[in-house]
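Each remark here refers to the structure printed beneath this line.
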There are 2 protein chains.
Amino acid sequence: MYRKIAADLRDKIKSGELPPGSLLPTQQELSRKYEVARMTTRQAIAELINEGLVVAQQGRGVTVRDRQQMVYRPQDGWEAPTSPTIDRFTAAFTRHGRNPSMEIDVSVVQADDFVAERLGVEPRSQVVARRRVISLDGTPFHINDTYYPYELVRDTEIMSPADIPGGSNYVLAERGYRERYAIDEFFIRMPTPEEIGRLRLNPGTPVAMHVVTGFTAREEPVRCDIFILPGDRHVIMYERVHPIDDEGRPVSTPRGGQS
Amino acid sequence: MYRKIAADLRDKIKSGELPPGSLLPTQQELSRKYEVARMTTRQAIAELINEGLVVAQQGRGVTVRDRQQMVYRPQDGWEAPTSPTIDRFTAAFTRHGRNPSMEIDVSVVQADDFVAERLGVEPRSQVVARRRVISLDGTPFHINDTYYPYELVRDTEIMSPADIPGGSNYVLAERGYRERYAIDEFFIRMPTPEEIGRLRLNPGTPVAMHVVTGFTAREEPVRCDIFILPGDRHVIMYERVHPIDDEGRPVSTPRGGQS
């Protein structure tokens with residue numbers, strides 16, 4: 001029976017009858033309507049909370065999750081958009097008048113296996129960690145922790161816990177380590193308790209862990225960025241251009257032809 | 001107290017003391033060790049199940065989740081890899097000797113708002129849906145549902161529920177609708193009950209919904225692909241090349257300069 005109640009509520013959320021931010025009927029109202037015990041309605045609502053469809057808010061009851069999603073475009077600032085269509089896609093998720101802020105914390109830490117592998121250094125060797133939480137209008141939005149090989153960044157601005165004008169790529173380029181390409185990895189999982197705390201996540205909120213490893217033209221790793229992107233706050237977007245022209249001829253690529 | 005038990009088990013999983021596939025101590029063993037009621041150990045384990053760290057397997061007890069992740073590269077077959085490094089990254093997640101299979105179902109359906117917006121057609125107008133579940137070694141791996149504007153694909157092979165030699169892009173190109181670029185969107189969320197059923201997902205398994213909209217050079221949408229990628233089975237990977245050369249000169253892009 002609790003499955004039927006959950007399914008009915010799910011349908012109403014999907015159809016828009018219960019729009020984002022609206023209050024769900026109370027457990028008392030549901031118990032009366034379906035003629036079941038409060039325990040049963042509680043179970044139905046717990047299921048929807050685990051699915052991330054609704055959020056229990058202290059003193060307000062249970063509301064339909066309001067997905068304030070923003071565009072997250074790894075290519076931004078790197079590759080120019082190819083088509084006007086991308087603007088139409090991003091427009092739907094672009095919020096105006098939001099006030100970004102961040103906390104930065106810089107420290108020298110021992111690389112764990114994951115970061116060491118990507119930076120091409122020995123596990124537990126020293127790396128510089130710049131840890132940031134980016135907030136919008138005071139709400140934590142995502143985590144961005146960047147790791148650098150220690151020798152590359154010591155005695156640079158990257159060591160200071162302040163915003164870097166021009167970005168850290170500029171600092172690395174000045175030292176002869178210009179970033180020429182990057183590999184993006186995305187892992188989809190539930191957040192760790194630490195991430196739940198740093199980002200104040202509601203139950204049923206999965207995250208994308210976006211790992212960017214940046215390389216010079218000589219294939220030297222220069223940074224490893226780990227972003228934690230809560231699913232209810234981000235839409236990840238890319239644009240790709242097919243290397244085949246309108247006559248069906250392949251366009252050559254740096255490595256020579258198509259794979 | 002259940003939080004302490006969960007934290008201890010989480011640490012053991014993270015450190016590898018409890019490796020993927022291994023059995024967790026039984027509730028009885030945990031109750032004895034921590035001197036708590038079975039209810040408390042049950043709560044600790046329920047927390048780890050919701051986080052997706054462990055899986056309750058009928059008749060086997062609770063085991064550490066074995067993430068058999070595969071590389072999912074949207075650029076594959078489109079853009080050739082630029083650097084040998086990408087091969088090193090993908091190698092870790094490439095499984096050999098796996099046997100792929102798929103179920104295909106083709107039907108003419110009414111476009112919902114989401115698909116209609118992407119295909120540039122009226123909501124509830126007719127579109128062709130090719131629905132596939134891709135399995136590896138008999139286990140469902142991901143969902144791939146593709147939607148086409150009806151007029152573009154009627155009387156083509158795309159209407160038949162069989163594999164298309166050369167792919168559907170080839171069929172569209174033959175009809176004068178060669179795909180030239182695509183926009184990727186990723187939404188991170190918990191699966192719907194329908195997706196849990198089609199993919200036989202364990203609790204605590206979030207998914208990435210990957211939406212690909214393909215366009216001709218004339219900006220006409222030709223297809224909308226919706227992939228449902230369970231987080232425990234996929235690593236999504238991209239490679240990007242910076243349009244700045246080693247002397248710091250910007251490389252021109254189709255739309256003219258950097259954004």
**Prompt:** Side chain, backbone, both or neither: which part of B/T216 has a heavy atom under 4.5 Å from chain A?
**Reply:** neither
**Message:** With a 4.5 angstrom heavy-atom cut-off, is it the side chain or the backbone of A/P74 that approaches chain B, or both, or neither?
**Reply:** both
**Item:** Side chain / backbone / both / neither for A/A173 at chain B, heavy atoms under 4.5 Å
**Value:** neither
**Asked** Do the side chains of B/P191 and A/E51 get nearer than 4.5 Å, heavy atoms only?
**Response** no
**Prompt:** Relative to chain A, which of B/T205, B/D232, B/I236 shows the most heavy atom pairs under 4.5 Å?
**Reply:** B/I236
**Prompt:** When rounded to the nearest 0.5 angstrom, what is the spacing between NE2 in A/H242 and CZ in B/R180?
**Reply:** 8.5 Å
**Message:** Counting only non-hydrogen atoms closer than 4.5 Å, does B/F215 touch chain A with its backbone (N, CA, C, O), its side chain (CB onward), both, or neither?
**Reply:** side chain
**Message:** Angle between ring planes, B/F186 versus A/F186, binned at 30° and 60°: parallel, tilted or perpendicular?
**Reply:** parallel
**Prompt:** Between CD1 of B/I188 and OH of A/Y72, what distance do you get to the nearest 0.5 Å?
**Reply:** 11.0 Å
**Message:** Please check if the number of heavy atoms outside A/R175 that lie under 6.0 Å from its CZ is greater than 12.
**Reply:** yes
**Request:** Just do the side-chain contact (heavy atoms from CB on, under 4.5 Å) check on A/V235 and B/F187 with the steps written out, would you?
**Result:** CA-CA 5 Å; A/V235 183; B/F187 299 86; 3.7 Å; yes
**Fill in**
Greatest number of non-hydrogen atom pairs under 4.5 angstrom with chain A, of B/A7, B/G214, B/G231, falls to B/G231
**Request:** Could you look at B/R3 and say if it's the side chain, the backbone, both or neither that has a heavy atom under 4.5 Å from chain A?
**Result:** neither
**Asked** In Å and rounded to the nearest 0.5 Å, what is the CD to CD distance from B/E185 to A/Q69?
**Response** 10.0 Å
**Request:** Below 4.5 Å from any heavy atom of chain B, which atoms of A/V207 appear? Answer side chain, backbone, both or neither.
**Result:** backbone
**Asked** Is a donor on one side and an acceptor on the other found under 3.5 Å between the side chain of B/R240 and the backbone of A/D184?
**Response** no
**Message:** For a quick test of reading the model, state the closest non-hydrogen atom pair linking A/M190 to B/N50 and the distance between them.
**Reply:** CG-O, 3.5 Å
**Asked** Looking only at atom types and distance, does a side-chain atom of A/R189 sit under 3.5 Å from a main-chain N or O of B/P206, one as donor and one as acceptor?
**Response** no
**Prompt:** If we only count heavy atoms from C-beta on, is the A/T85 to B/Y181 side-chain gap below 4.5 Å?
**Reply:** yes
**Part of A/T213 within contact of chain B (heavy atom distance under 4.5 Å)** = side chain
**Winner by heavy-atom pair count (cut-off under 4.5 Å) against chain B, out of A/R88, A/E219, A/M237** = A/E219
**Fill in**
Taken to the nearest 0.5 Å, the spacing of B/K14 NZ from A/D112 CG works out to 6.5 Å
**Asked** Does a sphere of radius 6.0 Å around OH in A/Y170 hold more than 12 heavy atoms from other residues, nucleotides or ligands, not counting ones at 6.0 Å or beyond?
**Response** no
